[in-house]
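Input: a single structure, listed below in structure tokens.
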Amino acid sequence: MAQVFGEFTEDFSERSEFLVLGFSPSSLPIQLRWKTNGLSADFLGDYVKNFFPGDTSAALNKQTEVRHAVSFVANELLENAMKYSDKSAGQPINLEVHLFSDRLIFLSKNSVHQDAIANFQSYLQEITTGDIGEMYINQVEKSVDIDESESSGLGYLTMIMDYDAVLGWKFEQVSGNNPATIVTTMVQLPL
């Protein structure tokens with residue numbers, strides 16, 4: 001049975017375009033993966049901005065705004081998926097972007113370590129019920145003292161604060177030779 005946190009939808013009937021990218025979390029060491037994450041995120045930004053044509057300054061500003069938002073969100077989702085994926089599960093990481101008339105929806109799917117689920121879900125409960133502005137300020141202050149290898153917790157909060165994103169998560173069990181828990185992170189950006 002799936003567990004859902006935040007706002008999560010599976011209705012994609014109104015989308016006009018979508019793109020799905022797949023990654024193998026164990027094909028490169030994580031340090032080398034950061035560069036490819038950035039390239040993939042920038043590719044998605046360049047891809048999506050083309051659905052906002054025009055040569056007026058307002059249209060060009062909209063393209064730049066959309067490209068930047070897509071690149072930021074995609075990069076954050078990829079970094080989180082790569083960093084927290086359970087590589088022993090042998091599950092791919094997927095990143096999807098779906099274009100709707102009024103919003104973009106991103107989905108990232110990755111396996112997650114069993115011992116990390118409780119802490120992650122506790123954090124998600126806090127994000128979905130807490131004061132985001134206060135959490136953001138606290139995390140910015142804490143991030144000054146955080147080692148780069150630790151999680152700052154700012155990615156999701158920045159999406160909400162800077163881009164008016166609506167977030168949701170779904171946890172599902174996958175059975176088979178390598179049973180695993182898959183988390184799907186959904187980010188909805190208004191257009």
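This chain uses plain numbering: 1 for the first residue, then up along the sequence.
With sequence neighbours left out, the side chain to side chain donor-acceptor pair (under 3.5 Å) criterion links D46 to R67. Take D131 and apply the side chain to side chain donor-acceptor pair (under 3.5 Å) test, not counting sequence neighbours, and it matches no residue. With sequence neighbours left out, T158 forms a side chain to side chain donor-acceptor pair (under 3.5 Å) with no residue at all. With sequence neighbours left out, Q3 forms a side chain to side chain donor-acceptor pair (under 3.5 Å) with Q121.
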After noting the C-alpha distance and the side-chain angles of S13 and D11, does the key distance pass the side-chain hydrogen bond (donor to acceptor under 3.5 Å, both in side chains) rule? CA-CA 6 Å; S13 60; D11 179 11; 2.7 Å; yes
Applying side-chain hydrogen bond (donor to acceptor under 3.5 Å, both in side chains), run through Q114 and T181 and close with a yes or a no. CA-CA 7 Å; Q114 292 299 314; T181 301; 2.7 Å; yes
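Put simply, the side chain of Y47 does not reach to within 4.5 Å of the side chain of V70, judged on heavy atoms. Contact annotation: the side chain of L95 approaches that of L44 to within less than 4.5 Å [non-hydrogen atoms, C-beta and beyond]. Counting only heavy atoms from C-beta outward, the side chains of Y84 and V183 never approach each other to under 4.5 Å. At least one side-chain heavy atom of M159 sits less than 4.5 Å from a side-chain heavy atom of Y156. Side-chain contact between I127 and I160 is present, with at least one heavy-atom pair separated by less than 4.5 Å. With a 4.5 Å cut-off on side-chain heavy atoms, R103 and H98 do not count as touching.
A donor-acceptor pair is defined here as one N or O able to donate and one able to accept, closer than 3.5 Å; such a pair exists between the side chain of K87 and the backbone of M82. Side-chain N or O atoms of Q63 include one that pairs as donor or acceptor with a backbone N or O of F52 at under 3.5 Å. For S122 (side chain) and A118 (main-chain N/O), no donor-acceptor pair under 3.5 Å exists by modelled atom type. Checked by atom type and distance alone, the side chain of N75 never pairs as donor or acceptor with a backbone atom of S71 at under 3.5 Å.
Side-chain polar atoms of E14 and S101 form no donor-acceptor pair below 3.5 angstrom.
Linking ILVMFWY side-chain heavy atoms closer than 4.5 Å, directly or via other members, places I182 and F120 in two distinct hydrophobic clusters. Hydrophobic clustering (side-chain heavy atoms under 4.5 Å, transitive across Ile, Leu, Val, Met, Phe, Trp, Tyr) keeps V20 apart from F23. Hydrophobic clustering, with ILVMFWY side chains joined whenever heavy atoms are under 4.5 angstrom apart, keeps L60 apart from V48. Linking ILVMFWY residues whenever their side-chain heavy atoms come closer than 4.5 Å, directly or via other members, leaves L78 and F18 in distinct clusters. Transitive grouping of hydrophobic side chains (ILVMFWY, heavy atoms separated by less than 4.5 Å) keeps L157 and I137 in distinct clusters.
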Counting only pairs under 3.5 Å, give me each side-chain donor-acceptor contact of residues 163-171, with atom names and distances, residues two or more places apart or in other chains.
residue : atom : partner : partner atom : Å
Y163    : OH   : H68     : NE2          : 3.0
W169    : NE1  : T185    : OG1          : 3.4
K170    : NZ   : E10     : OE1          : 3.2
K170    : NZ   : E10     : OE2          : 3.0

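Atom CD of Q173 has more than 12 neighbouring heavy atoms from other residues, nucleotides or ligands inside a 6.0 Å radius.
When hydrophobic side chains of Ile, Leu, Val, Met, Phe, Trp and Tyr are connected at separations under 4.5 Å, F100 ends up clustered with V4, F8, F12, I105, L107, M186.
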